[in-house]
Amino acid sequence: INGFCNKGKMDDAAKLLEEMRGKGLHANTVTLSTIIKGLCKQGWVDEAAKLLEEMRGSGLYPNTVSFTTLINGFCKQGRMEEAVKLLEEMRGRGHYPDTVTFNAIINGFCKQGKMVEAVELLEGMRQSGLYPDTVTFTTVINGFCKQGRMEEAVKLLEEMRGRGHYPDTVTFNAIINGFCKQGKMVEAVELLEGMRQSGLYPDTVTFTTVINGFCKQGRMEEAVKLLEEMHGNGLYPDTVTFTAIVSGLCRARELDKATDLLEKMVREGIKPNVVTYNTVILGLCVVGKSQEARRLLDKMAVKGCAPDIFTYNSVLRAMHKEGRVEESMELFNELTSKGYIPD
RNA sequence: UUGCUUAAGUGUGAUUGGC
C-alpha cells in the first residue's frame with residue numbers, strides 16, 4: 001500500500017486495502033498514516049482530513065505520525081492556519097507533536113517566506129520540551145537562502161554548530177544553492193571544496209547545484225568540467241544534472257549540442273523526464289523552430305513521457321510568434337480534447 | 001515473558017525570454 005501511495009496510484013492502494021479486508025486482515029494506525037500520506041500527495045488534503053476524522057471511534061486510532069502527515073499536507077498547500085489549528089487539535093486529543101511535526105510547520109512558513117514565524121517556532125520548540133535537530137536548522141537556513149539572506153543563513157549555520165548540531169550534506173547544499181542563485185560562484189565552489197573539511201561529501205545534488213549555477217551564468221565550459229569531475233568522486237549525474245546543462249546550452253543558443261546531449265543521456269540510460277523535454281522544446285521555440293518543437297512534443301508522448309501545460313504553452317506561444325495561427329489552433333484543440341486545462 | 005527483524009510523517013538541486 002505504501003508503494004502504491006508513493007507512486008500516486010491510489011486506486012491500486014484501495015484495491016489492496018479491499019483485498020486485506022477480504023482476507024480478514026485489519027488495517028492499523030500505520031495503514032491509516034500511509035493512506036493519509038497518499039491522499040495528501042495527490043493534493044487531496046481535505047479528503048485526508050475527513051478520513052482522519054472518520055476514524056474517530058472506529059477503533060483505528062491516528063497517532064503523532066498520522067497527524068504530522070496531515071499537517072505536512074496542509075503546509076505543502078500553504079494552508080498554514082489549518083496546519084496550526086490541527087497542531088492544537090492533536091494536543092487536545094493527547095497526541096504530542098514531536099520535532100518532525102514542528103519541522104513540517106516550520107518548513108511551511110519558510111516556503112511562504114514567513115521567516116519571522118519560522119524562527120519563532122525554532123526558538124519556541126523548547127517550551128514544548130522539544131529540540132530542533134539538523135533538519136530544523138537546515139529548513140530555516142534554506143528559507144533564508146531562498147530569500148537571498150545569505151548572511152543570516154551562514155550565521156544560523158554557525159549557531160547550530162555552537163549548539164552541538166552537525167550540518168550535513170543537505171545543509172551545505174541549501175547554502176551552496178543560495179550562493180549560486182546570487183551569482184556568487186566563488187563562494188559556492190569554495191563550499192563545495194571545503195565541505196570535506198567538515199567531514200562531509202558532496203553528492204549528486206551538490207554538483208548539480210553548482211553546475212546549474214555556472215550554466216545560469218553562461219559558463220558552460222566550467223559546468224561541463226564539473227560534470228566530468230563527478231565521476232572521480234564516485235558520483236553519477238542524473239536527470240536533473242543533465243537537464244541543467246541542457247538548459248544552459250539552450251540559453252546559449254547551442255540547440256544542436258542540447259539535442260545531442262538529450263540523445264546522449266538516453267544512451268547512458270538516464271531517462272529524460274517532462275522537465276528535460278520542456279527545456280529542449282522551449283529552447284527550440286525561442287530560436288523560432290516551433291515545428292521541430294512540435295515534433296519533439298509528439299515524440300516525448302511516444303516515449304511514455306506525457307507533455308504538461310508548460311509544454312503546450314511554449315509551443316503555442318512560439319507558433320503565434322511565427323504567425324502559424326492555424327497550427328496553434330490545432331494544437332490548442334488537441335490539448336483541450338486531451339483534458340488539459342489551459343492556464 | 002524476553003529479544004530480534006520489517007512497515008507510516010519533516011529539510012537541499014533542473015524547464016517559467018516583457019525588453
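Note that the coordinates shown come from a computational prediction; the quantities given were computed from them, not determined experimentally. Here is how names work: the chains are called A, B, and so on, in the same order as the sequence lines, proteins then strands, and each is numbered from 1.
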What is the nucleic acid contact for A:T206, judged by heavy atoms within less than 4.0 Å: base, sugar-phosphate only, or nothing?
nothing

Sorted by chain and number, sequence neighbours left out, side-chain contact (heavy atoms from CB on, under 4.5 Å) with A:H95 holds for A:T64, A:F67, A:M90, A:R93

Name the nucleic acid region contacted by A:S314, choosing base, sugar-phosphate or nothing; use a 4.0 angstrom heavy-atom cut-off, strictly under.
nothing

Atom CD of residue position A:E81 - does it have more than 12 heavy atoms of other residues, nucleotides or ligands inside 6.0 Å?
no

Would you tell me whether A:S290 and A:R317 have side-chain atoms, one donor and one acceptor, within less than 3.5 Å of each other?
no

For A:R317, which contact category applies under a 4.0 Å heavy-atom criterion: base, sugar-phosphate, or nothing?
sugar-phosphate

Base, sugar-phosphate alone, or nothing: which one does A:T204 contact when heavy atoms must sit under 4.0 Å apart?
base

What does A:T31 touch in the nucleic acid at a heavy-atom separation under 4.0 angstrom: a base, only the sugar-phosphate, or nothing?
nothing

A:E229 vs A:L226 side-chain heavy atoms within contact, under 4.5 Å:
yes

Is A:T209 touching bases, backbone alone, or none of the nucleic acid, heavy atoms closer than 4.0 Å?
sugar-phosphate

Mind checking if A:K41 touches a base, just sugar-phosphate, or nothing, with heavy atoms under 4.0 Å?
nothing

Could you list all the salt bridge (Lys or Arg N to Asp or Glu O under 4.0 Å) pairs where at least one residue sits in residues 176-188 of chain A, not counting sequence neighbours?
none

Under the salt bridge (Lys or Arg N to Asp or Glu O under 4.0 Å) test, which residues partner A:K303, sequence neighbours left out?
none

Residues in salt bridge (Lys or Arg N to Asp or Glu O under 4.0 Å) with A:K15, at least two apart?
A:D12

Closest approach of A:C305 and A:V274, non-hydrogen atoms and distance?
SG-N, 3.3 Å

Main-chain N/O of A:T279 paired to A:S247 side chain as donor or acceptor, under 3.5 Å
no

Base, sugar-phosphate, or nothing for A:T311, non-hydrogen atoms under 4.0 angstrom?
nothing

By the 4.0 Å heavy-atom rule, please label A:D168 as base, sugar-phosphate, or nothing.
base

Could you spell out the base pairing of RNA chain B as a dot-bracket line? Use Watson-Crick and G-U wobble contacts where both distances are under 3.5 Å, [ ] for crossing pairs, | for partners on a different strand.
...................

Going 5' to 3' along RNA chain B, which nucleotides are the first and last within contact of chain A (any atom under 4.0 Å from a heavy atom)?
B:A7 to B:G18

Identify whether any heavy atom of A:T208 sits under 4.0 Å from a base atom; if not, whether one sits that close to sugar-phosphate; answer base, sugar-phosphate or nothing.
base

When we call it a touch if two heavy atoms are under 4.0 Å apart, what does A:D133 touch: a base, just sugar-phosphate, or nothing?
nothing

